[in-house]
Amino acid sequence: MTTQQRSKIPVGFEPAPARGPFLEMNGPIWRKPGQHGEPPIFGFVAEDRHTNGLGVLHGGMMAAFLDNAMAQSIYDRYKCRLVTLDLSVSYKHVVPKQRWLEARVSLETTDENRIEAKVEAMCRNMLCAEARGVFQLFPRH
């Protein structure tokens, strides 16, 4: 990451742990601790390597970023392994390269081993995407 790219990271954000090879290759993802029991806030700078043929953030990278934000929020709360069972993403606005994208997650318990989550991604004060996911928890016994 260049100094110019690092300057786009708002105060309070630190690198999030990369959970697996995909995000190690496609990160870094940034996170800021949530306040008053809320999930953390996640951030991401859309680099050239994350863009599609039009020069804007690729939809697959947006989906991966949102899925990761929900999964990390669930892990933070429940401290157990999990997998995504269902993910739906609705794209609202393009994210130009070299722009900061921020995601906020809310969690909803469905039963003891499945969690529903939703996330909104904002860039330039505009809603760029929103997603819902269902996650299977694997509690340690």
Side-chain angles (χ1 to χ4, degrees), residues 1-140:
M1 172 169 280
T2 67
T3 303
Q4 180 184 15
Q5 291 167 322
R6 180 64 174 114
S7 70
K8 296 175 191 280
I9 312 303
V11 173
F13 281 84
E14 296 294 332
R19 299 205 191 282
F22 179 82
L23 288 175
E24 285 179 20
M25 291 289 295
N26 290 293
I29 304 294
W30 300 83
R31 67 184 278 150
K32 181 178 182 177
Q35 301 296 316
H36 311 293
E38 292 294 315
I41 301 166
F42 295 89
F44 174 70
V45 176
E47 298 177 21
D48 290 345
R49 64 195 172 106
H50 302 123
T51 61
N52 61 21
L54 298 174
V56 297
L57 182 63
H58 188 283
M61 189 62 210
M62 173 71 85
F65 171 63
L66 299 177
D67 180 53
N68 179 68
M70 290 186 287
Q72 281 201 32
S73 295
I74 293 167
Y75 180 83
D76 285 354
R77 181 166 295 168
Y78 296 96
K79 304 292 187 230
C80 65
R81 296 180 309 155
L82 59 119
V83 295
T84 307
L85 295 178
D86 185 47
L87 177 67
S88 62
V89 180
S90 180
Y91 301 95
K92 307 293 185 184
H93 200 278
V94 299
V95 177
K97 63 183 171 183
Q98 303 307 321
R99 295 296 180 114
W100 175 252
L101 179 67
E102 201 165 283
R104 294 178 185 260
V105 176
S106 60
L107 303 177
E108 306 166 9
T109 302
T110 56
D111 67 37
E112 68 182 51
N113 290 323
R114 290 195 180 184
I115 303 295
E116 282 191 34
K118 58 184 175 179
V119 60
E120 291 184 340
M122 303 289 290
C123 178
R124 299 174 294 152
N125 295 317
M126 290 185 286
L127 178 65
C128 294
E130 55 190 2
R132 289 189 74 80
V134 177
F135 298 83
Q136 176 72 48
L137 302 181
F138 296 99
R140 297 171 196 191

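Counting begins at 1 with the first residue of the sequence. Computed from heavy atoms alone, side chains included, the values below leave out hydrogens, waters and symmetry copies.
- Considering all non-hydrogen atoms of both residues, M62 and A121 come closest at SD-CB, 4.2 Å.
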Next item on the list: May I have the step-by-step check of side chain to side chain contact (heavy atoms under 4.5 Å, CB included) for F44 and L66, ending in yes or no?
Entry: CA-CA 10 Å; F44 174 70; L66 299 177; over 6 Å; no
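- Enclosure of atom CZ in R124 by more than 12 non-hydrogen atoms of other residues, nucleotides or ligands within 6.0 angstrom is indicated.
- Atom CD1 of I74 is separated from atom NZ of K79 by 12.5 Å, given to the nearest 0.5 angstrom.
- Here the side chains of E130 and K118 are not in contact, with every heavy-atom distance at 4.5 Å or above.
- When the side-chain contact (heavy atoms from CB on, under 4.5 Å) test is applied to V11, no partner is found at least two apart in sequence or on another chain.
- With contacts defined as side-chain heavy-atom distances shorter than 4.5 Å, the pair V83/F138 qualifies.
- No more than 12 heavy atoms of other residues, nucleotides or ligands sit less than 6.0 Å from atom CZ of R104.
- Proximity of a side-chain donor or acceptor of Y78 to a complementary backbone N or O of L137 within less than 3.5 Å is not detected.
- Using a 4.5 Å heavy-atom cutoff, the side chains of R31 and D76 are in contact.
- Counting heavy atoms from C-beta on, the side chains of S73 and P40 come closer than 4.5 Å.
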Margin query: Please evaluate residues K92 and E120 with respect to the criterion salt bridge (Lys or Arg N to Asp or Glu O under 4.0 Å), reporting the C-alpha separation (whole Å), side-chain torsions for both, the decisive distance (0.1 Å), and the verdict.
Written below: CA-CA 10 Å; K92 307 293 185 184; E120 291 184 340; over 6 Å; no
Note to self: Apply side chain to side chain contact (heavy atoms under 4.5 Å, CB included) to residues Q136 and N113 and explain how you reach the verdict.
What the structure shows: CA-CA 6 Å; Q136 176 72 48; N113 290 323; 3.5 Å; yes
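- Within the 4.5 Å cutoff, no side-chain heavy atoms of L57 are placed close to those of K97.
- Among residues at least two apart or in separate chains, side chain to side chain donor-acceptor pair (under 3.5 Å) pairs with a member in residues 49-62 are E47-R49.
- Note that the CD atom of E116 and the CZ atom of F135 stand 10.0 Å from one another [nearest 0.5 Å].
- Note that CG of N68 is 6.5 Å distant from CZ of F42, once rounded to the nearest 0.5 Å.
- Within the 4.5 Å cutoff, the side chain of W30 has heavy atoms near those of the P15 side chain.
- Counting only heavy atoms from C-beta outward, the side chains of F13 and I41 approach each other to under 4.5 Å.
- Here the closest heavy-atom approach between residue L82 and residue C80 is recorded as CD2-O, 3.4 Å.
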Note to self: Set out, in order, the CA-CA distance, both residues' side-chain angles and the distance that settles side chain to side chain contact (heavy atoms under 4.5 Å, CB included) for M70 and I115, then state yes or no.
What the structure shows: CA-CA 10 Å; M70 290 186 287; I115 303 295; over 6 Å; no
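- Distance check: Y91 OH to C128 SG gives 12.0 Å after rounding to the nearest 0.5 Å.
- Across every non-hydrogen atom of V105 and P39, the tightest pair is O-CG, 3.5 Å.
- Residues Q98 and V45 have side chains in contact (heavy-atom distance under 4.5 Å, counting atoms from C-beta outward).
- In terms of heavy-atom proximity, G37 sits nearest to R77 at O-NH2, 3.4 Å.
- A donor-acceptor distance shorter than 3.5 angstrom exists from the side chain of N26 to the backbone of F22, with no hydrogens or angles considered.
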